[in-house]
Amino acid sequence: LGGYRDDYAYALAIHPTTGDVYVAGETKSEDFSGTAGGAQPNRSRHPSDVGSYEDGFISRLNSNLTQLIQSTYLGGWDRDIIKAIAIHPQTGEVYVAGWTESINFPQATNDRGAGFVSRLSADLRTLRQSTYLKDSATALTIHPQTGEVYVAGETDVPDFPGTSGSAQPTFGGGMDAFVVRLNKELTQILKATYLGGSGWDRGPAIAIHPTTGDVYVAGTTSSTDFPRTSGSAQANHGGGSNDVFVSRLNKELTQILQSTYLGGSKSDWANALAIHPTTGDIYVVGGTLSADLPATVGGAQANCTCNNYPYSPEAFVSRLNKDLTQILQSTYLGGIYYDNATAIAVHLITGDVYVAGYTSSPDFPRTVGGAQESRGDSRWNDA
């Protein structure tokens with residue numbers, strides 16, 4: 001999927017009614033596959049550009065991946081990257097979010113910012129609306145009950161719009177995560193909130209609880225004063241340069257209902273978040289250098305090999321109750337070298353938990369009988 005230059009995919013979604021597969025990312029290719037007839041059929045270039053800047057792309061394929069139905073570029077004169085994608089459960093429209101350096105991002109009429117959100121028709125032939133955000137967007141979800149659009153990211157600006165009356169109306173310091181709630185037309189910021197302490201906080205993952213409607217954000221923090229951790233599963237920062245955080249907010253973004261740290265005595269980070277459709281439990285994945293990550297006893301892989309070599313982190317998966325007051329179970333996942341979990345999904349029928357990432361470990365657990373039992377090349381990471 002791509003053209004003659006660099007193409008990278010960062011996000012994937014499946015249409016709830018058609019089953020079509022949507023993929024989004026960034027491209028430098030001027031001949032990207034299937035863009036004829038798309039909302040933006042050609043890569044946008046400044047007259048002085050010699051081809052160094054990326055545009056976002058979105059592609060739609062049929063459910064068995066045998067047909068590329070439509071692609072489109074999305075971007076302005078400068079660098080544009082799509083990091084997240086979601087399908088609206090009521091309208092079927094396609095929403096994407098990311099970051100941009102373009103002053104002429106298409107259909108964005110408000111003041112320029114470093115982030116953007118865009119809304120396209122399901123066939124990718126019409127760009128309905130875009131909006132700039134004050135800072136970089138890394139995650140996107142749509143509320144299943146209200147249809148409103150929630151975006152998470154990170155910011156170091158003290159004047160993020162829409163934070164008045166929010167759960168955390170003022171900038172915590174360093175770098176804060178943020179959450180923004182927009183109407184489905186992307187014409188209004190209904191509410192925004194900072195989320196962080198005095199250190200460095202970033203929020204690359206967001207999900208909506210299917211029964212309560214609460215908003216969950218997961219990420220990484222160096223702050224020892226992260227808000228609302230009292231009474232949580234892990235009330236204090238575990239140590240190291242950073243811990244995972246998980247926060248639960250009401251759907252209006254006016255209250256942080258609970259936050260919790262998650263980490264051991266060394267560095268830990270979160271990359272993705274999922275909510276179990278039947279139990280409502282919260283699953284978080286990422287990487288860790290901590291050999292004492294909490295609640296791994298009884299896990300699928302109770303012990304960490306992360307101290308065997310210099311900077312060889314292990315992937316991890318943790319399961320928390322929906323109130324964030326208990327870490328129900330954690331497990332390491334990896335071998336002797338570098339392992340990092342970057343994505344998670346829960347099967348709607350079986351409830352099994354699927355985790356993806358990358359590894360340089362030749363002894364990654366339970367690969368015997370798998371579709372590819374051995375590493376592709378011992379010099380590089382494998383997915």
Could you check Lys251, Arg248, Lys322 and say which one makes a salt bridge (Lys or Arg N to Asp or Glu O under 4.0 Å) with Asp214? Arg248
Are the ring centres of [X] and [Y] closer than 6.0 Å?
X: Phe316; Y: Tyr332; value: no
X: Phe160; Y: Phe178; value: yes
X: Phe116; Y: Tyr132; value: no

Side chains of [X] and [Y], donor plus acceptor under 3.5 Å:
X: Asp339; Y: Thr359; answer: yes
X: His143; Y: Thr141; answer: no
X: Asp78; Y: Ser102; answer: no
X: Ser241; Y: Ser267; answer: yes
X: Thr221; Y: Asp243; answer: no

[X] to [Y] - nearest heavy-atom pair and separation:
X: Val180; Y: Ala192; value: CG2-CB, 3.9 Å
X: Ile336; Y: Asp363; value: N-OD1, 3.0 Å
X: Ser247; Y: Ser259; value: OG-OG, 2.7 Å
X: Glu314; Y: Asn303; value: OE2-O, 4.0 Å

Kindly say whether [Y] contributes a backbone atom to a donor-acceptor pair with the side chain of [X] at under 3.5 angstrom?
X: Ser130; Y: Ser118; answer: no
X: Thr193; Y: Gln168; answer: yes
X: Asn104; Y: Trp77; answer: yes
X: Thr126; Y: Arg128; answer: no
X: Gln70; Y: Gly34; answer: yes
X: Arg5; Y: Glu30; answer: no

Should Leu182 and Val151 be marked as a side chain to side chain contact (heavy atoms under 4.5 Å, CB included) after you check the CA-CA gap, both sets of side-chain angles, and the distance that decides it? CA-CA 8 Å; Leu182 303 103; Val151 181; 4.0 Å; yes
For a side chain to side chain donor-acceptor pair (under 3.5 Å) check, start with the C-alpha distance between Ser290 and Ser265, then their side-chain angles and the critical distance, and finish with the verdict. CA-CA 6 Å; Ser290 298; Ser265 56; 5.0 Å; no
Among [options], exactly one meets side-chain contact (heavy atoms from CB on, under 4.5 Å) together with [X]. Which residue is that?
X: Asp55; options: Thr72, Asp80, Leu74; value: Asp80
X: Leu133; options: Val117, Thr100, Thr155; value: Val117
X: Tyr216; options: Leu320, Val284, Leu324; value: Leu324

Taking atom CG of Asn236 as the centre, does the number of heavy atoms from other residues, nucleotides or ligands within less than 6.0 Å exceed 12? no
Leu65, CG: over 12 other non-hydrogen atoms inside 6.0 angstrom: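 Check passes, neighbour count above 12.
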Sort out for me which residue in Arg119, Gln129, His88 forms a side chain to side chain donor-acceptor pair (under 3.5 Å) with Glu93. Arg119
Using a strict cut-off of less than 4.0 Å between a Lys/Arg side-chain nitrogen and an Asp/Glu carboxylate oxygen, indicate whether Glu101 and Arg79 qualify as a salt bridge. no
Measure from NZ or CZ of Lys83 to the centre of the six-membered ring of Tyr10, then state whether that distance is under 6.0 Å and the direction lies within 45° of the axis. yes
So Asn271 and Asn340, side chain to side chain donor-acceptor pair (under 3.5 Å) or not? Walk me through it. CA-CA 9 Å; Asn271 295 319; Asn340 191 24; 3.1 Å; yes
Val149 and Leu186: CA distance, side-chain angles, deciding distance, side chain to side chain contact (heavy atoms under 4.5 Å, CB included) verdict: CA-CA 8 Å; Val149 179; Leu186 304 185; 4.3 Å; yes
Taking it one step at a time, do Thr325 and Asp323 satisfy side chain to side chain donor-acceptor pair (under 3.5 Å)? CA-CA 5 Å; Thr325 55; Asp323 301 319; 4.7 Å; no
Report the C-alpha separation of Asn242 and Thr220 in whole Å, then their side-chain angles, then the decisive distance to 0.1 Å, and conclude whether the side chain to side chain donor-acceptor pair (under 3.5 Å) test is met. CA-CA 7 Å; Asn242 44 264; Thr220 307; 5.3 Å; no
Does the side chain of Asp7 reach to within under 4.5 Å of the side chain of Phe32, using non-hydrogen atoms? yes
Working for side chain to side chain contact (heavy atoms under 4.5 Å, CB included), residues Asp123 and Arg60: CA-CA 8 Å; Asp123 60 10; Arg60 172 182 169 223; 3.9 Å; yes
